[in-house]
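Everything on this sheet refers to the single structure shown next.
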There are 2 protein chains.
Amino acid sequence: MTKSGRATLAQVAELAGVSVMTASYTYNRPERVSDQARAKVLAAADQLGYAGPDPSARSLRRGSTHALGVVMGEHLSYAFDDPEAVSFLAGIADVCADRGYAMTILPITGGADDVPRVKGAAVDGYVVWTTADDDPVLAAVQAMRRPAVVHGGPAVRGLGLVTVDNRAAAAAVGAAAFAGARRPAIVSFPLSRDRVSTVTRGDRITDVLFPVTRERLEGYRQAAEDAGTDWGDVVVGVCARNDAAEAERVAAALLAAPDPPDAIAAMSDQQAAGVVRAARDTGRRIPDDLAVTGWDDSAVAASLGLTTVAQSLREQGAACAVAALGRPRHSRGAAWSVVRRASTRPLSGASG
Amino acid sequence: MTKSGRATLAQVAELAGVSVMTASYTYNRPERVSDQARAKVLAAADQLGYAGPDPSARSLRRGSTHALGVVMGEHLSYAFDDPEAVSFLAGIADVCADRGYAMTILPITGGADDVPRVKGAAVDGYVVWTTADDDPVLAAVQAMRRPAVVHGGPAVRGLGLVTVDNRAAAAAVGAAAFAGARRPAIVSFPLSRDRVSTVTRGDRITDVLFPVTRERLEGYRQAAEDAGTDWGDVVVGVCARNDAAEAERVAAALLAAPDPPDAIAAMSDQQAAGVVRAARDTGRRIPDDLAVTGWDDSAVAASLGLTTVAQSLREQGAACAVAALGRPRHSRGAAWSVVRRASTRPLSGASG
DNA sequence: CTGTTAGCGCGTTCAA
DNA sequence: TTGAACGCGCTAACAG
C-alpha cells in the first residue's frame, strides 16, 4: 500500500508473483492473460483491496480522460434552476451515456478563479453554454486546444458553434407578437454579465455583450419597425435573469406606465409566463389588450397557449456534445419554428 | 511539442532558459519566483501555446482530482427528466461551486459496463442517488475506498447515508391520505431495477429492492391498517418510473376497477399530478370522491393544492456533497414534514 | 502468453 | 530563489 492506504498495480503483481504487465493486462485485455495468471492477480487484488487501475494515472498514460467538460456560465447552480438549461444538459447526458463518457460540469461562479478552474479540469473537450463576448472563460477554453463547442454564442475562433438563427427567429415571432400592436415592448434577457435590471428604450441600448440577447433584440427591432413603430419608441424591460418572477415584476412596471404596451415579446416562455401573470393581475385580456410571446416552446407555453419559438435545447445539447467529442464543425443552423397559439392577434393579411 | 501537439512544462522551461521547477512554481506558487523568471516563463508559455499544467498529470502527482463523482442510477439521461433529481443535483452543484470542485456525472446506463465506468472516473468522492439493494454500482463505489454518500438508500457499509425517515413520513402523510377512506390505494415507484409496471395488492408484494420504495410502502401499510383496512385489500399500482403520464394511466386503471379506491397515496407530486388528472377525467371531486397525496412539496403540489411530504432535495444534495468531500458520517435524519392542503379529507378527531 | 523497457507530465524533496 | 533527481501509477511497444 502507498502512504494513502491505496494498493498499486505493482504491489498486486508482486503479491501475485507475476510481472506488472500481466497484472495490467488482467484489467485491460483479460483475453491475453492465462486463466491461471488472471486468477492469481485477481486474488491478490482482492487481498490488497485493489479496486482497479487508478483513473488519473491511466488518463495521463493514455492521453485521454473519457470525460466531457461542460461550462454553464455565470454561477453553476443557476444552471439547474433554468428548465431550458436542464434540457440542454439532458441532451449532453444522452450522448455521454451513449458513448461512455463522464460529464464533468465545471464550477463557474463568475469570480476571478473561473479561469484556473476551467484549465484545471481533466476533460477531453468542452461544451460552453451561451455566454457574453467578454467572458474570460472563452479564452481559457480556447487556450486548452481541445475540441470545444459554444452553444448560442459568441462565435470564437477555433471553437464550434451550435445555435439557431436568433435574429431570424426573433423577427418571425416578433411579427406575430406585434401584429396590430401600437405600442410594442420587449422583456429581455440581461445585456451583459453584470446583469443589471433596467427599463429603457430600444435606441438607448448599446453594447449588448450576450450575442443571443443582441440578436434577438435585432430581430424584435425589425419586427417592431415592420409593424410601424420606431425603435426609439419600443420600451425594453431588461431582466437580470431568466426567471418568471422577475419578468412579472418588470412587466407589471411596464403595464403601469402612462402609455402601457399592448404587445410584449419576451425571450423565454418563463418570462412570458411572468408577463401573462402581470397582465391578468391588471385585468387585461390576452391577446386583445396585450399580445404576448415566449421562446422555447416549453410545457408552460403549451399550457398557457403562448405563441413562441420552438427549438429543442435537448437536441442542441446533444449536437454540442457530439461535436465536442469529435471534430467540431461550425454548424450554424439548429432547427426552429414559430408556434402560433392564442396569445397573439392574427397576422393581417397583407403588409401595407 | 509532444506528438499530440501539446507543449509541456519542460519545453516551456527550456525555452525560457530556466529549470522545470521554476516553470512549475510560476504556475503553482508565483510568489516564490522572481518577477523576471516568471515573465520569461509566461512569455515562453505564450509562444508555445502552453495552457498550464496538464490536469491529469497534476492529479496523479497530487493524488487528488478536485472532482466529485455523481452516480444518478439507471440511465443517466433520466436524471434530468426528474425535477426532484434536478433539485438534488442543484444542491450538489451549490457545494461544488463553492469549494471549486468539478461535478463529474458518471455515465450509468443500466448495462454491464456501469461498473468499469464508475471505477474509471477520476474523482475524489462519490454521491450516489437512491438505488436498489442489488445495484452492482454500490459495490463498485465501495471498492474505490473513497468518501462516498448514498442518498435515500440502501445503507452500505463504509458509505454515508443521507435520507429522511421514509417510513415515518409515509405513515404520516398516509394518515392524511387515508383519513375517512374505505378503499385506500397506492401509486408506487418501481419495486426493483427491472421496473415492471403492474397492479397488485399489498400482501402480494415481496422483495422490494428499492429501499425508499420499501420504506414508504411500509409507512403506507401502517396508515392503511390504522385506518382499518387490511394490507391485503390495499391496491398498489406500481409504475416503472416517476412520471406523471404513467401515474395517470395507472390511476385511471385503478379508478376503472369494479371497487375503485377513494384515496390514493402516491410517492411523488409528479405521480399525484397524474392521479389528479385521472380523477378529473372520471368526474371525481377531490377530496370528496378521491383523496390524493403526493411527496416532495414541489411547485406542482402547491398549484394543485396537494397534501404532501415536504423535504428539500436541494439541501439533501448539498449535505451529500459536503459529506462526500469530507468525512462521510451516517446522518440519517434529513428534515421532513407533512403539508396539509385541500386534496385530503380532514383527520377525524380521535382514533377509535 | 508473459516480461522488459521507457516514459506520460508534473511536483515533492533535498541540496545549492 | 533556483536546480537535479526521482517517482506518482500506469501502459504502449517491443521482445521472448
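Keep in mind that this is a model prediction, so the values were computed, not measured. Below, chain A is the first sequence line, B the second, and so on; all start at residue 1.
- Taking atom CD of residue Q11(A) and atom P of nucleotide dG9(D), one finds them 8 Å apart after rounding to whole Å.
- Taking every heavy atom of both residues into account, R117(B) and A97(A) meet most closely at NH1-O, 3.3 Å.
- Contact annotation: R29(A) reaches the phosphate of dA12(D) (side-chain N/O to OP1 or OP2, under 4.0 Å).
- Comparing dG7(D), dT2(C), dG7(C) by their nearest atom to the side chain of A37(A) picks out dT2(C).
- The side-chain contact (heavy atoms from CB on, under 4.5 Å) search around D81(A) returns Y78(A), R314(B), not counting sequence neighbours.
- Within residues 14-27 of chain A, the residues having any heavy atom closer than 4.0 Å to DNA chain C are, in order of number, V18(A), S19(A), M21(A), T22(A), Y25(A).
- Summary of the strand contacts: V33(B) and A57(B) both lie near DNA chain D, and taking for each the nucleotide with the nearest heavy atom, the more 5' one is attributed to V33(B).
- Here dC10(C) presents its C1' atom at 17 Å from NZ of K119(A), a figure rounded to the nearest Å.
- Judged as a side-chain contact (heavy atoms from CB on, under 4.5 Å), and not counting sequence neighbours, the contacts of T22(A) are V18(A), S19(A), V33(A), A37(A).
- The interatomic distance linking R58(A) (CZ) with dC10(C) (P) rounds to 21 Å, in whole Å.
- End-to-end axis angle of the helix from dC1(C)-dG16(D) to dA16(C)-dT1(D), from C1' rotation axes over five pairs per end: 30° (rounded to 10 degrees).
- For Y50(B), the ring-ring contact (aromatic ring centres under 6.0 Å, His included) partners two or more places apart in sequence, or in a different chain, are Y27(B).
- Taking atom CD of Q36(A) as the reference point, atom C1' of dT2(C) lies 12 Å away to the nearest angstrom.
- Considering only residues two or more places apart in sequence or on other chains, Y101(B) meets the ring-ring contact (aromatic ring centres under 6.0 Å, His included) condition with H66(B).
- Remark: S34(A) is in phosphate contact with dT2(C), judged by side-chain N or O atoms under 4.0 Å from OP1 or OP2.
- Note on R62(A): every side-chain N or O is 4.0 Å or more away from OP1 and OP2 of dC8(C).
- Counting only residues at least two apart or in different chains, salt bridge (charged side-chain N to carboxylate O under 4.0 Å, His left out) contacts with residues 34-55 of chain A comprise D35(A)-R38(A), D54(A)-R146(B).
- Picking from dT2(C), dT11(D), dC8(D) the nucleotide with the shortest atom distance to the side chain of L60(B) gives dC8(D).
- Applying the salt bridge (charged side-chain N to carboxylate O under 4.0 Å, His left out) criterion to D82(B), with sequence neighbours excluded, gives no partner residue.
- Regarding R61(A), its CZ atom lies at a distance of 7 Å from the P atom of dA12(D), rounded to whole Å.
- One side chain, T104(A) or T104(B), offers a donor N or O that lies under 3.5 Å from an acceptor on the other.
- In this view, F80(A) satisfies the ring-ring contact (aromatic ring centres under 6.0 Å, His included) rule with no residue, not counting sequence neighbours.
- One can place CZ of R32(A) at 11 Å from C1' of dA13(D), the figure rounded to the nearest angstrom.
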